[in-house]
Amino acid sequence: MRKILLRFKRQFSPRSLLWWQWLVLFVIGVWTLGRTWLPGFIRQQVVTNLTAITTAQVTLGDVDLNLLRGRLALQRLSFTLAGEERPVLAIHDLAINIRLRSLFWRAIDIEDLTLTGIQVAAVQEPNGQLNLMRLFPPVPPEQPQTEPADLPTLTIGEFEVVDSTITYQDRTRQGEPRFEVAITDLTTDKIDLQPRGLAAPVAVQLKGALNQSPLQGKAEILWQREQTAVDANIGLQQLALTALEPYLRDALAFQKLNGHLGAQLHYRYQTGSKASSAHVLAGTVTLENLQVADPLSRQTALTLPKGKIDIETVDLTQQVIRVTSVELQNLKVFALQTPTGMNLASLVQPAKQEHASPASPWKFILKTVKWAGGELQYRDSTWPETETLVLSPQELELHNLGSEATEHPFRIRTRLGDGTIAGDGTLQLAPLTMQGQFQPAGVDVAVFRPFLVALLPGKSLQGKVSGSVRVALNPQSTEGGIRFDGALETTQFLLDGVP
């Protein structure tokens with residue numbers, strides 16, 4: 001046994017070790033150090049440095065380090081605000097693969113960076129403050145402005161975010177609406193960061209969902225100290241309109257809202273460059289199976305199988321919304337006149353608020369509304385239940401709607417029974433009034449029976465009506481909701497079968 005120990009001592013003494021044996025021992029030592037001491041040290045440094053720049057409580061689970069491959073993984077990293085139980089930001093896994101040779105040139109070359117399982121819980125507090133702003137302490141106002149230091153030279157070959165969720169809850173609105181963006185996959189091409197910013201625009205692709213509605217997007221992002229530019233295209237399908245109810249109630253007083261919304265939008269943001277600054281949104285919005293119930297009759301007042309909105313621009317800087325056209329296909333409208341008013345008037349009027357709010361600084365312009373197909377049903381609660389006036393619009397155009405316009409010109413061509421009516425005039429939405437000149441042609445006189453029942457009670461009417469008549473609609477009038485004035489010609493007119 002003594003001989004064996006002496007032989008082992010001679011072979012593994014420092015003087016007798018060959019270079020490759022030293023190399024093996026060095027690799028084993030580095031591997032042991034990387035597996036035992038370094039992960040704990042890195043974990044402590046990460047928590048300490050993050051705690052120094054945030055007001056939240058920082059926790060970090062495991063740290064996985066592989067020096068031979070240049071891989072570092074942080075697991076279960078979370079940020080929890082004071083007074084809250086759940087983290088406002090949590091990352092299940094952050095994995096980085098670094099090309100270690102780049103460190104010799106004082107640069108950071110990351111082969112790939114992957115974030116898995118990000119959970120962001122954004123909350124708009126009742127005072128209007130976003131909770132995410134509390135992650136970082138406010139900058140003291142007396143602190144002097146200093147020139148920002150140069151950024152490190154950093155290259156990321158592949159950046160990816162997978163299986164992540166961003167939730168937003170708005171506590172400033174009644175019902176506290178909640179939106180959830182599920183990010184299935186977000187990837188970028190090469191990111192080249194230089195001391196003054198990005199060397200070239202970074203392309204970003206997104207696949208995910210908004211409230212379980214498919215969401216896709218592509219963007220190019222350029223950030224430098226002197227300028228910032230974002231150019232993005234966003235596609236959204238089948239978003240339930242019920243999610244937007246709390247925001248629409250600020251302008252409309254409806255009882256119930258159903259339907260889905262889709263959008264193809266182009267977003268552009270640019271500032272700091274030689275060109276003019278921009279912060280605009282444009283695109284197309286589609287509506288499907290829209291149903292709106294008014295608060296007066298609590299019945300469905302509007303039904304729209306399909307609609308389209310072409311947005312020229314939403315200028316977020318100038319606070320101007322310009323809509324080129326609104327197309328309504330096969331829209332069905334039910335207008336009911338009651339002693340307390342018309343249901344459509346109660347729908348378009350602003351919702352009542354306990355405290356009057358200042359006028360909105362936003363300017364809204366809508367050039368054209370087109371309605372083709374469908375029908376308009378008008379009923380007066382004083383009529384017999386079987387009596388309803390039904391119009392089937394072939395074409396209706398309404399022009400120049402907006403926040404600064406009070407009267408809106410319109411033109412209409414519609415079927416009424418077996419005849420037609422063409423006309424034009426002006427419409428006012430709040431309060432709801434209408435004046436127009438109409439030309440009926442071959443309209444069955446029986447459709448006007450509800451208006452004549454007070455003059456001709458119990459009488460039957462037959463015949464055709466043509467001519468020109470002026471119509472005034474004023475639901476608020478105490479003398480009746482509709483007034484007629486003009487000249488009509490009748491053919492084959494019979495009253496109780498008598499010519």
Side-chain angles (χ1 to χ4, degrees), residues 42 46 49-50 53-54 56 58-66 69-81 86-99 108-123 130-133 135-136 151-152 154-169 178-193 197-223 228-237 239 265 267 269:
I42 292 175
V46 169
N49 287 299
L50 290 178
I53 63 174
T54 180
V58 181
T59 60
L60 177 60
D62 298 332
V63 175
D64 186 13
L65 178 65
N66 189 329
R69 295 179 54 191
R71 184 180 187 278
L72 173 65
L74 308 179
Q75 298 175 352
R76 299 187 302 279
L77 176 63
S78 66
F79 301 80
T80 305
L81 295 174
R86 300 184 61 182
V88 67
L89 171 62
I91 304 174
H92 180 72
D93 185 79
L94 187 156
I96 308 174
N97 288 321
I98 304 177
R99 294 185 175 93
I108 304 175
D109 189 355
I110 299 177
E111 184 176 354
D112 57 75
L113 171 59
T114 303
L115 301 175
T116 304
I118 298 178
Q119 302 289 329
V120 179
V123 178
L130 186 66
N131 66 335
L132 295 180
M133 302 302 296
L135 278 173
F136 304 98
L151 299 170
L154 170 66
T155 302
I156 302 178
E158 296 180 6
F159 176 77
E160 186 175 19
V161 177
V162 295
D163 298 334
S164 299
T165 304
I166 301 174
T167 61
Y168 172 76
Q169 185 177 13
R178 186 176 183 271
F179 296 88
E180 180 178 289
V181 178
I183 301 176
T184 304
D185 190 23
L186 185 150
T187 59
T188 72
D189 59 6
K190 183 179 179 180
I191 300 175
D192 188 359
L193 183 65
L198 293 172
V202 177
V204 183
Q205 294 190 4
L206 167 67
K207 293 182 180 180
L210 173 60
N211 286 10
Q212 300 183 350
S213 302
L215 175 67
Q216 294 184 343
K218 293 183 178 180
E220 282 194 354
I221 301 174
L222 175 65
W223 177 83
T228 301
V230 179
D231 193 284
N233 291 291
I234 304 169
L236 176 65
Q237 303 176 24
L239 175 66
L265 302 176
Y267 172 77
Y269 176 79

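- Every residue two or more places apart in sequence or in another chain that forms a side chain to side chain contact (heavy atoms under 4.5 Å, CB included) with V181 is listed here: I166, I183, L210, L215.
- Contact check for T165 versus V120: no side-chain heavy atoms found under the 4.5 Å cut-off.
- Residues V88 and L132 share a closest heavy-atom pair of CG2-CD2, 3.4 Å.
- Judged by distance alone, with hydrogens and angles left aside, the side-chain atoms of T54 form a donor-acceptor pair with the main-chain N or O of L135 at under 3.5 Å.
- Nearest heavy atoms, V161 versus S164: CG1-OG, 3.4 Å.
- At least one donor-acceptor pair closer than 3.5 Å links the side chain of N211 to the backbone N or O of E180.
- To the nearest 0.5 Å, atom NE2 of residue H92 and atom CD of residue Q119 are 10.5 Å apart.
- The side chain to side chain contact (heavy atoms under 4.5 Å, CB included) test applied to L72 returns I42, V63, L65, L74, not counting sequence neighbours.
- Residues passing the ring-ring contact (aromatic ring centres under 6.0 Å, His included) test with Y267, sequence neighbours excluded: H279.
- No more than 12 heavy-atom neighbours from other residues, nucleotides or ligands sit within 6.0 angstrom of CD on Q212.
- With sequence neighbours left out, R76 forms a salt bridge (charged side-chain N to carboxylate O under 4.0 Å, His left out) with D62.
- Interatomic distance, CG of L94 versus CG of L113, reported as 5.5 Å (0.5 Å rounding).
- Residues satisfying the side chain to side chain contact (heavy atoms under 4.5 Å, CB included) test with I53, not counting sequence neighbours, are L50.
- What you find for R86 and T80 is that their closest heavy atoms are O-CG2, 3.9 Å.
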*Applying side-chain contact (heavy atoms from CB on, under 4.5 Å), run through Y168 and L130 and close with a yes or a no.*
CA-CA 10 Å; Y168 172 76; L130 186 66; 4.2 Å; yes

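- When all heavy atoms of S213 and L239 are compared, the pair lying nearest together is OG-CA, 3.2 Å.
- Distance CG/D64 to CG/D93: 9.0 Å, rounded to 0.5 Å.
- Taking a 6.0 Å sphere around CD of Q75, one finds it holds more than 12 heavy atoms contributed by other residues, nucleotides or ligands.
- To the nearest 0.5 Å, atom CD1 of residue I96 and atom CD of residue E111 are 12.5 Å apart.
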Carefully, step by step, assess L77 and V58 under the rule side-chain contact (heavy atoms from CB on, under 4.5 Å).
CA-CA 7 Å; L77 176 63; V58 181; 4.0 Å; yes

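- Rounding to the nearest 0.5 angstrom, the gap separating the CD atom in E160 from the CG atom in D185 is 4.5 Å.
- Residues passing the salt bridge (charged side-chain N to carboxylate O under 4.0 Å, His left out) test with E220, sequence neighbours excluded: none.
- For the atom pair CD1 (I108) and CZ (R99), the distance works out to 13.5 Å, reported to the nearest 0.5 Å.
- With I110 as the fixed residue, the side-chain contact (heavy atoms from CB on, under 4.5 Å) test singles out one of T155, I191, L154: L154.
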